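Just so it is clear, the structure is predicted and the values come from calculations on it, not from any experiment. Nothing fancy with the numbering, it's 1 onward along the sequence.
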Amino acid sequence: MSESKIVLTERLRKEGRWDEASKFKDKAIADFRADGMRRSEAAAAAWTAVAEAFPPQLGEGRVSGQNGAGEALEATCTHPIPWNDLPAEADFEDEVRWVHQQYVVIIQDSQQGPQIHWDRASAKAPSTGACSLALWAAENRTAFYKDLLPKTMARSEGPRLSDENTVEVQDPGLKDVEAMLKQLEDEADAELRSNEREVLQKRVHNVLTNWMEKHEVKHSNVALERLDSDICNLIRDSIRALR
């Protein structure tokens, strides 16, 4: 299957054959399932069957369609794809990222329509699906850059907000502070209970000193002593409140 699923679907929609192809795919899945295939295997085989039954209408190296204004578009390959060992598909995010990185290098506008210069690529395509996606992007530049690329990159980066109003902050020192508090809680042993003030202050001081050295935090001795004291007071107040 030389086209990724999304490229195949978009091409068939532009050619006005998606409804027919969709029914063909559903029937193919049912037939493959009846032959004993698992659902995932049947779906993959059905997509391959769709690609074979509904090839591009303009022949090898050319894809056609219309833009939103009804103007005919064509993307033409000036050379065959130079990589013979490409897998049919790769991670979709990698395919989208490759097209984005290579777009201005391999795609050239002309009066006859976009031209694809595979030989100018600065990096090997991750799959034949990425090549098909480049053809689609050449004809659908706006859709690629305003829709597909932002959505794909957003999924790759993950959520930036934990809810509508709260920014999720990743603090490299937060886990260390939590570990420090957990350590102090776990070490509330007989020694701590028998000499609470001295032992607590010593342990807080050691943990804080190690944490600051680890994260290269500069501080004065006065500031460290004040922080030691404040944390110890906070812990003692918390312990008294829980008793």
Side-chain angles (χ1 to χ4, degrees), residues 1-33 35 37-68 70-103 106-107 113-116 118 121 124-153 155-156:
M1 184 170 168
S2 61
E3 296 173 289
S4 66
K5 295 175 185 178
I6 187 171
V7 173
L8 175 60
T9 301
E10 289 296 332
R11 175 173 65 76
L12 292 173
R13 289 188 190 279
K14 290 193 300 180
E15 294 174 353
R17 300 193 290 166
W18 172 244
D19 288 343
E20 179 185 0
S22 181
K23 294 176 182 178
F24 177 91
K25 177 175 68 69
D26 292 342
K27 184 178 184 304
I29 291 176
D31 291 342
F32 288 133
R33 291 280 287 165
D35 290 339
M37 280 191 180
R38 291 180 297 182
R39 184 176 299 275
S40 59
E41 295 174 339
W47 277 106
T48 300
V50 170
E52 294 174 352
F54 298 86
Q57 291 181 326
L58 288 182
E60 184 177 359
R62 187 178 291 272
V63 181
S64 77
Q66 291 184 333
N67 62 14
E71 299 169 340
L73 294 173
E74 295 179 351
T76 305
C77 299
T78 59
H79 296 84
I81 296 175
W83 310 290
N84 297 322
D85 56 346
L86 296 180
E89 294 185 5
D91 183 86
F92 186 64
E93 292 175 3
D94 292 339
E95 293 178 339
V96 173
R97 187 176 291 107
W98 181 85
V99 174
H100 168 55
Q101 294 169 344
Q102 301 298 323
Y103 192 99
I106 67 174
I107 298 175
Q115 293 183 335
I116 314 294
W118 303 115
K124 182 179 179 179
S127 67
T128 56
C131 297
S132 298
L133 182 60
L135 281 166
W136 177 81
E139 295 184 340
N140 300 272
R141 181 184 305 176
T142 300
F144 178 78
Y145 277 102
K146 289 190 175 182
D147 185 24
L148 181 60
L149 179 62
K151 289 181 179 179
T152 303
M153 293 301 100
R155 288 194 296 268
S156 175

Next on the checklist: Ignoring hydrogens, what is the shortest heavy-atom contact between Ala46 and Phe32? Give both atom names and the distance.
Outcome noted: N-CE1, 3.7 Å

Checklist outcome for this item: Heavy atoms of Ile107 and Ala138 approach each other most closely as CD1-CB, 3.8 Å

Checklist entry - How would you list, by chain and number, every residue that makes a side-chain hydrogen bond (donor to acceptor under 3.5 Å, both in side chains) with Gln102, sequence neighbours excluded? => result Ser122

Checklist entry - Is there side-chain contact between Asp94 and Trp98, with at least one heavy-atom pair below 4.5 Å? => result no

Next on the checklist: Please report the interatomic distance CZ(Arg17) to CZ(Arg11), rounded to the nearest 0.5 Å.
Outcome noted: 6.0 Å

Next on the checklist: Do Leu86 and Lys124 have side chains that approach each other closer than 4.5 Å (heavy atoms only, starting at C-beta)?
Outcome noted: yes

Next on the checklist: Let me confirm one number: the OG-CD1 distance from Ser132 to Ile81, rounded to the nearest 0.5 Å.
Outcome noted: 6.5 Å

Item to check | Sub-4.5 Å side-chain heavy-atom contact between Phe54 and Glu15 | outcome: no

Next on the checklist: Counting C-beta onward and ignoring hydrogens, is there a side-chain heavy-atom pair between Asn140 and Lys14 closer than 4.5 Å?
Outcome noted: yes

Item to check | Heavy-atom side-chain proximity of Thr78 to Ile116 below 4.5 angstrom | outcome: no

Checklist entry - Residues two or more places apart in sequence or in another chain: which of them pass side chain to side chain contact (heavy atoms under 4.5 Å, CB included) with Ala90? => result Glu95, Pro126, Ser127

Next on the checklist: Working to the nearest 0.5 angstrom, can you tell me the gap between Leu148 CG and Thr142 OG1?
Outcome noted: 13.0 Å

Item to check | Nearest heavy atoms of Glu10 and Trp136, plus distance in Å | outcome: CB-NE1, 3.3 Å

Checklist outcome for this item: Rounded to the nearest 0.5 Å, the CH2 atom of Trp118 sits from the NE2 atom of His79 at a distance of 12.5 Å

Next on the checklist: Restricting to side chain to side chain contact (heavy atoms under 4.5 Å, CB included), what partner residues turn up for Ala137, sequence neighbours left out?
Outcome noted: Val99, Tyr103, Phe144

Checklist entry - Which distance, rounded to the nearest 0.5 Å, do you find between the CG of Asn84 and the OG1 of Thr128? => result 12.0 Å

Item to check | Under the side chain to side chain contact (heavy atoms under 4.5 Å, CB included) test, residues paired with Asp19 that sit two or more places apart | outcome: none

Checklist entry - Does Thr76 use its side chain to pair, donor to acceptor, with the backbone of Gln115 at less than 3.5 Å? => result no

Checklist entry - Nearest 0.5 Å, what's the CE-CD distance between Met153 and Glu93? => result 6.0 Å

Next on the checklist: Checking Glu41 now: which residues fulfil side chain to side chain contact (heavy atoms under 4.5 Å, CB included) with it, not counting sequence neighbours?
Outcome noted: Met37, Arg38

Only distances under 3.5 Å count here; give the side-chain donor-acceptor pairs of residues 22-29 to other protein atoms, sequence neighbours excluded, each with its distance to 0.1 Å.
residue : atom : partner : partner atom : Å
Lys27   : NZ   : Asp31   : OD2          : 3.0

